[in-house]
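A, B, ... follow the sequence lines: proteins, then strands. Residue 1 opens every chain. From a predicted model like this one, the values you see are computed outputs, not experimental measurements. What's counted below: heavy atoms across the whole structure, side chains too, no hydrogens, waters or symmetry copies.
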Number of protein chains: 2
Amino acid sequence: MAKRDIGASFVNGVPELLILRLLVGQEMYGYEIVAAIRDQSRESLVFGEGVIYPVLHALEHDGALKAHRKTVNGRSRVYYRLTAAGERRLGDLTATWSKVNQAVQGILQGGTQHAKAV
Amino acid sequence: MAKRDIGASFVNGVPELLILRLLVGQEMYGYEIVAAIRDQSRESLVFGEGVIYPVLHALEHDGALKAHRKTVNGRSRVYYRLTAAGERRLGDLTATWSKVNQAVQGILQGGTQHAKAV
DNA sequence: TATTATACCTAGCGACTCGAGGTATGGAGC
DNA sequence: GCTCCATACCTCGAGTCGCTAGGTATAATA
């Protein structure tokens with residue numbers, strides 16, 4: 001059954017986009033990224049570790065990220081850094097997001113094309 | 001096989017939102033909605049009938065839409081109209097979309113090089 | 001020593017989209 | 001009259017992604 005009951009998260013592909021963006025100009029590790037998305041979006045976007053880690057691994061596997069372990073305060077962390085491919089990917093995803101966003105806004109605000117009287 | 005060679009569509013839940021929005025103040029039928037989304041988004045968003053029809057059926061089942069058959073030029077069409085519940089749903093989804101959108105924009109533009117706390 | 005916070009990871013399920021296919025009718029062209 | 005295309009409906013299977021819920025391990029705190 002279509003359990004299409006609210007849930008509708010509009011979220012598809014967003015974790016990847018945000019991860020790439022957060023890594024511009026700085027290294028971060030998984031746990032930190034989870035917290036950063038939660039905090040910087042003021043709880044609007046909360047992706048669990050079960051979402052973030054697999055995406056990180058896939059991005060690394062695809063060559064968009066480079067990983068290296070570092071031990072800080074006796075804690076082992078896996079830091080990620082953007083590669084050139086990752087920057088390209090970020091550009092592509094940002095462009096796609098922008099396009100989709102504009103298209104949706106256009107229809108939501110309607111009226112522009114040939115809206116009928118409401 | 002690339003496990004996760006992501007196509008990143010940013011599309012999740014968008015068809016439902018757009019359908020509800022298009023039906024504000026006017027009745028439409030499925031085939032027409034498919035074309036309307038394609039045209040009004042200038043091909044940025046192209047959802048096939050295989051996407052739209054199931055959503056229409058689910059929305060009707062949930063009481064967000066009312067359907068009635070009408071024959072025009074010998075063609076049988078199923079017209080959909082928003083119910084009060086549908087308008088409420090539209091309001092909810094629009095709010096969610098707006099929130100997600102703002103959160104994503106915030107991180108994308110964020111002068112985030114320095115901060116965890118906003 | 002027990003609990004909590006940090007930090008990593010995976011598996012299984014469910015939900016959503018896409019593409020391909022299937023039915024039926026009206027109109028245009030030959 | 002017959003064929004082909006556009007209209008108009010519908011469904012199924014595959015693939016992907018996100019979510020929940022687990023599981024491991026160590027450091028700090030109570």
With nearest nucleotide decided by heavy atoms, which residue, A:R75 or A:V14, maps closer to the 5′ end of DNA chain D?
A:V14
Who are the side chain to side chain contact (heavy atoms under 4.5 Å, CB included) partners of B:R88, not counting sequence neighbours?
B:A84, B:A85
Nearest-Å distance for atom pair CD/P, residues B:E49 and D:dT7:
11 Å
Are OP1 or OP2 of C:dC8 and a side-chain N or O of A:Y29 less than 4.0 angstrom apart?
no
Closest nucleotide among C:dT17, D:dA8, C:dC8 to the A:Y31 side chain:
C:dC8
For B:G63 and B:T83, which heavy atoms make the closest approach, and how far apart are they?
O-OG1, 2.6 Å
Rounded to whole Å, please give me the gap between OH in B:Y80 and P in D:dA8.
14 Å
Take the C1' atoms of the five end pairs on each side of the helix from C:dT1-D:dA30 to C:dC30-D:dG1, get both axes, and report the angle to 10 degrees.
10°
Using a cut-off of strictly less than 4.0 Å, decide whether B:H57 has a side-chain nitrogen or oxygen near OP1 or OP2 of D:dC9.
no
Distance (rounded to the nearest 0.5 Å) between A:T96 OG1 and A:N101 CG:
12.0 Å
Rounded to whole Å, please give me the gap between CG in A:N12 and P in D:dG15.
17 Å
Salt-bridge test for B:R89 and B:E16: reply yes if a basic N is under 4.0 Å from a carboxylate O, no otherwise.
yes
What does B:G48 touch in the nucleic acid at a heavy-atom separation under 4.0 angstrom: a base, only the sugar-phosphate, or nothing?
nothing
5'-most by nearest nucleotide on DNA chain C - B:G50 or A:R69
A:R69
Whole angstrom is fine here: how far is it from CD in A:E16 over to P in D:dG18?
8 Å
Closest non-hydrogen atoms of A:L22 and A:A36, given as atom of the first, atom of the second and distance, are CD1-CB, 4.2 Å
Over how many whole Å does the gap from B:F47 atom CZ to C:dG19 atom P extend?
11 Å
Which residues pass the ring pair (Phe, Tyr, Trp, His ring centres under 6.0 Å) test with B:Y79, not counting sequence neighbours?
B:Y29
Measure from CD on A:E32 to C1' on C:dA5 and round the result to the nearest Å.
16 Å
B:I52 CD1 to D:dT11 C1', straight-line distance once rounded to whole Å
15 Å
Nucleotide C:dA20, atom C1' - distance to OH of B:Y53 in whole Å
16 Å
Candidate nucleotides D:dA8, C:dT17, D:dC10, ranked by approach to the side chain of B:V51 - the nearest:
C:dT17
Nearest heavy-atom approach of B:V14 to B:F10 is CG2-O, 4.1 Å
